[in-house]
Amino acid sequence: VTNDLLKQQTGLIIAGIEQDKVSLMRPKNTKFLSLSQLRIVVSLFIAGKERVTDIQANELNPNQITKRLALMNAWLEELFILESPQVIGNYEISILANFTVIRGLVYYALEGEQAIKEEDKERYIRERMKNLSHISWESRQPLWEQFDGKYRSRSQLYIIESSKNTVLKVKQWLIREGGD
């Protein structure tokens with residue numbers, strides 16, 4: 001599924017997917033996600049679980065995967081409107097280079113989606129993402145300090161930590177910002 005997504009999604013190709021490393025060393029690496037991080041995003045969309053190993057083979061219905069892949073594509077298209085694929089992986093420019101924020105965005109986009117009719121899910125996800133268009137995703141803003149993390153690197157960038165608790169705090173903040 002991840003490979004299919006990479007073939008379909010031009011924005012991902014432009015943003016860059018690191019295929020040789022499990023995680024990205026920020027701020028040096030300017031690729032958007034590692035392949036293992038992209039797999040986590042795919043897993044969240046398909047099965048609602050971060051750990052690919054938690055997904056049972058019998059959970060994966062090919063017809064459902066196709067529908068979920070369409071939702072992922074819609075989410076990615078809206079994400080690349082919030083921040084261009086050319087800069088989304090550059091931590092010097094965008095906080096969206098932080099995988100904790102991306103995970104929070106996935107949880108935010110999917111929040112309540114189960115209660116939506118199948119034919120309305122894509123519109124629902126697009127609207128949720130559009131509701132965040134007023135946010136400046138610049139990485140050097142003090143507003144990111146509300147999330148657990150610390151200043152690192154020579155350029156003194158605030159790096160948000162990757163704990164599940166912090167991801168949930170990011171999601172809650174996005175819900176407030178998105179008007180839900």
Side-chain angles (χ1 to χ4, degrees), residues 2 5-6 8-19 21-45 50 71-111 113 122 124-153 155-180:
T2 303
L5 185 64
L6 280 169
Q8 294 175 13
Q9 188 45 251
T10 308
L12 276 179
I13 294 166
I14 295 167
I17 301 298
E18 177 62 65
Q19 300 198 21
K21 297 178 179 92
V22 173
S23 63
L24 305 173
M25 297 305 294
R26 299 289 190 196
K28 276 188 171 183
N29 194 321
T30 58
K31 292 190 177 180
F32 174 47
L33 297 172
S34 71
L35 191 56
S36 61
Q37 289 170 331
L38 181 59
R39 283 186 182 122
I40 290 169
V41 170
V42 168
S43 178
L44 282 168
F45 268 92
E50 284 197 21
L71 292 180
M72 262 186 289
N73 270 308
W75 178 79
L76 284 164
E77 288 168 8
E78 295 302 324
L79 178 68
F80 293 137
I81 291 170
L82 294 178
E83 190 71 84
S84 86
Q86 289 84 355
V87 299
I88 198 168
N90 187 336
Y91 212 114
E92 297 276 345
I93 298 171
S94 177
I95 198 68
L96 294 177
N98 185 294
F99 190 54
T100 299
V101 178
I102 293 300
R103 286 166 56 208
L105 271 166
V106 173
Y107 282 110
Y108 163 78
L110 293 174
E111 178 82 8
E113 168 260 336
E122 184 177 326
Y124 176 79
I125 286 175
R126 287 185 185 279
E127 284 177 10
R128 288 182 69 76
M129 294 299 286
K130 284 180 189 340
N131 288 344
L132 303 176
S133 63
H134 66 281
I135 297 172
S136 169
W137 301 101
E138 292 176 58
S139 56
R140 297 189 184 274
Q141 295 185 75
L143 76 92
W144 308 122
E145 294 173 11
Q146 68 183 300
F147 306 112
D148 296 334
K150 59 185 167 188
Y151 281 95
R152 278 194 256 150
S153 82
S155 55
Q156 285 298 296
L157 291 165
Y158 190 74
I159 309 294
I160 299 172
E161 76 171 32
S162 64
S163 73
K164 181 69 172 182
N165 188 42
T166 304
V167 171
L168 295 177
K169 285 179 183 176
V170 169
K171 179 187 108 176
Q172 290 305 315
W173 176 76
L174 290 167
I175 288 170
R176 286 191 305 275
E177 289 295 313
D180 290 353

Residue pair Q141 / S136, side-chain donor-acceptor N/O under 3.5 Å: yes
R128 with E78: basic N within carboxylate O range, under 4.0 Å: no
Lys/Arg N to Asp/Glu carboxylate O, E77 vs R126, below 4.0 Å: yes
Shortest non-hydrogen contact from [X] toward [Y]:
{"X": "N131", "Y": "Y108", "result": "CB-OH, 3.9 Å"}
{"X": "Y91", "Y": "S139", "result": "O-OG, 2.6 Å"}
{"X": "Y158", "Y": "F147", "result": "OH-O, 2.6 Å"}
{"X": "S162", "Y": "R103", "result": "O-NH1, 3.1 Å"}
{"X": "T100", "Y": "N98", "result": "N-OD1, 2.8 Å"}
{"X": "G11", "Y": "P85", "result": "O-CB, 3.4 Å"}

Parallel, tilted or perpendicular: rings of W75 and F45 (30°, 60°):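 Tilted: the ring planes of F45 and W75 meet at 30° to 60°.
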Criterion side chain to side chain contact (heavy atoms under 4.5 Å, CB included) on S34 and I17, from CA distance to verdict: CA-CA 5 Å; S34 71; I17 301 298; over 6 Å; no
Heavy-atom check, side chain of [X] versus side chain of [Y], under 4.5 Å:
{"X": "R152", "Y": "K150", "value": "yes"}
{"X": "L76", "Y": "M129", "value": "no"}
{"X": "K169", "Y": "D148", "value": "yes"}
{"X": "F99", "Y": "I160", "value": "no"}

Pair V170-L105, side chain to side chain contact (heavy atoms under 4.5 Å, CB included): steps then yes or no: CA-CA 8 Å; V170 169; L105 271 166; over 6 Å; no
Qualifying residue, where the test is side-chain contact (heavy atoms from CB on, under 4.5 Å) with W137 and the options are I88, L132, I93: L132
Chi angles and distances behind the side chain to side chain donor-acceptor pair (under 3.5 Å) call for E50, Y107: CA-CA 10 Å; E50 284 197 21; Y107 282 110; 2.7 Å; yes
Spacing of L6 atom CG and Q9 atom CD [to the nearest 0.5 Å]: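 Rounded to the nearest 0.5 Å, the CG-CD separation comes out at 9.0 Å.
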